[in-house]
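Read through the structure below, which is laid out as structure tokens, and then see the notes.
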Amino acid sequence: MERTASSSVRIEAWSDADLELLRRANAPELMDHLGGPETEEQLMARHGRYVALSADRTGRGRMFRIALTDGAEAVGTIGFWERTWQGQEVYETGWAVLPGYQGLGIATAATRAVAEQARAERKHRFLHAYPSVENGASNAVCRKAGFALIGECDFEYPPGHALLTNDWRLDLGHFAS
């Protein structure tokens, strides 16, 4: 099946049924910039956090599966969650698009959609993304989705793994937390 950049996406709340998608997103080529694939135990814990976050209605964030509008197949993951960054409460976002669906604008469209979800919470002014400085594709997503590059920063992800990242920031509006 030929895939094109014009494929539209939708984001759907993460659920118990999305564990297999998380396993597929745990591929070495997708986890290369994040310290490598997780163990099954780590995946189960992360899946539990994703389910809980998506069920939470306090504005802490949400996790989503990315699907093409012309089908039910999930093609990636995306979400936003709260974090304290440089003394300020902000949202952070992150995503993964499965091999075979990359380079088609899916991550950019999903990032714009998740930014709208974060904006709708009216809780935090900024949404940040922290892709590795070596991850050209994710840095391009940030640029195309309208984020401003703040600069390089040291980041620890996963815990115990030092990572040099770019700090990208999107202004969600003037309703400060």
Side-chain angles (χ1 to χ4, degrees), residues 3 7 9-69 71-85 90-115 117-118 121 127-142 145 153-168:
R3 309 217 189 283
S7 295
V9 302
R10 66 183 187 276
I11 56 174
E12 302 168 338
W14 196 266
S15 73
D16 281 324
D18 291 316
L19 178 58
E20 187 55 36
L21 171 60
L22 189 59
R23 286 187 177 119
R24 291 174 59 208
N26 193 43
E29 61 271 25
L30 295 177
M31 298 298 288
D32 184 46
H33 295 286
L34 299 172
E38 294 178 307
T39 65
E40 182 66 15
E41 182 179 334
Q42 291 169 317
L43 279 178
M44 293 302 294
R46 183 155 50 119
H47 177 63
R49 289 191 308 271
Y50 284 8
V51 170
L53 186 60
S54 287
D56 185 280
R57 294 295 178 264
T58 64
R60 291 185 322 115
R62 300 282 304 276
M63 287 305 300
F64 302 92
R65 65 191 309 233
I66 304 169
L68 301 180
T69 55
E73 181 181 7
V75 299
T77 68
I78 193 163
F80 68 98
W81 51 90
E82 291 180 316
R83 75 168 300 115
T84 302
W85 181 246
V90 300
Y91 283 129
E92 178 183 349
T93 186
W95 56 86
V97 173
L98 299 176
Y101 296 93
Q102 296 176 354
L104 304 174
I106 292 169
T108 301
T111 300
R112 288 178 180 141
V114 93
Q117 291 285 324
E121 292 293 338
L127 175 66
H128 287 256
Y130 306 97
S132 165
V133 296
E134 298 176 0
N135 188 337
S138 285
N139 283 286
V141 166
C142 292
C153 60
D154 292 319
F155 208 78
E156 187 178 352
Y157 188 86
H161 181 260
L163 188 61
L164 180 61
T165 68
N166 283 319
D167 178 7
W168 292 89

Return the set of residues passing side-chain contact (heavy atoms from CB on, under 4.5 Å) with Glu41 (not counting sequence neighbours), or none when no residue passes.
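Only Thr39 meet the side-chain contact (heavy atoms from CB on, under 4.5 Å) criterion with Glu41.
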For Thr58, which residues count as a side-chain contact (heavy atoms from CB on, under 4.5 Å) partner, sequence neighbours excluded?
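Thr58: side-chain contact (heavy atoms from CB on, under 4.5 Å) contacts with Asp56, Arg60.
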Can you run down the side chain to side chain donor-acceptor pair (under 3.5 Å) pairs that involve residues 44-53, sequence neighbours left out, and say none if there aren't any?
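Matches after skipping sequence neighbours: Trp14-His47, Glu38-Arg46, Arg46-Tyr50.
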Who passes side-chain hydrogen bond (donor to acceptor under 3.5 Å, both in side chains) against Glu82, sequence neighbours left out?
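Checked Glu82 against side-chain hydrogen bond (donor to acceptor under 3.5 Å, both in side chains); matches are Lys123, His124.
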[X] vs [Y] side-chain heavy atoms within contact, under 4.5 Å:
X: Cys142; Y: Pro131; result: yes
X: Tyr130; Y: Glu92; result: yes
X: Cys153; Y: Trp85; result: yes
X: Val90; Y: Arg83; result: yes

Restricting to salt bridge (Lys or Arg N to Asp or Glu O under 4.0 Å), what partner residues turn up for Arg65, sequence neighbours left out?
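Once residues adjacent in sequence are excluded, the partners of Arg65 under the salt bridge (Lys or Arg N to Asp or Glu O under 4.0 Å) criterion are Glu12, Asp18.
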How would you list, by chain and number, every residue that makes a salt bridge (Lys or Arg N to Asp or Glu O under 4.0 Å) with Asp167, sequence neighbours excluded?
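None.
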Identify each donor-acceptor pair in which a side-chain atom of residues 105-114 lies under 3.5 Å from a protein atom, sequence neighbours left out, and give them as a table.
from   : atom 1 : to     : atom 2 : distance (Å)
Thr111 : OG1    : Ala107 : O      : 2.7
Arg112 : NH2    : Lys144 : O      : 2.5

Only counting residues at least two apart or in another chain, list the ones meeting ring-ring contact (aromatic ring centres under 6.0 Å, His included) with Phe80.
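Only Tyr91 meet the ring-ring contact (aromatic ring centres under 6.0 Å, His included) criterion with Phe80.
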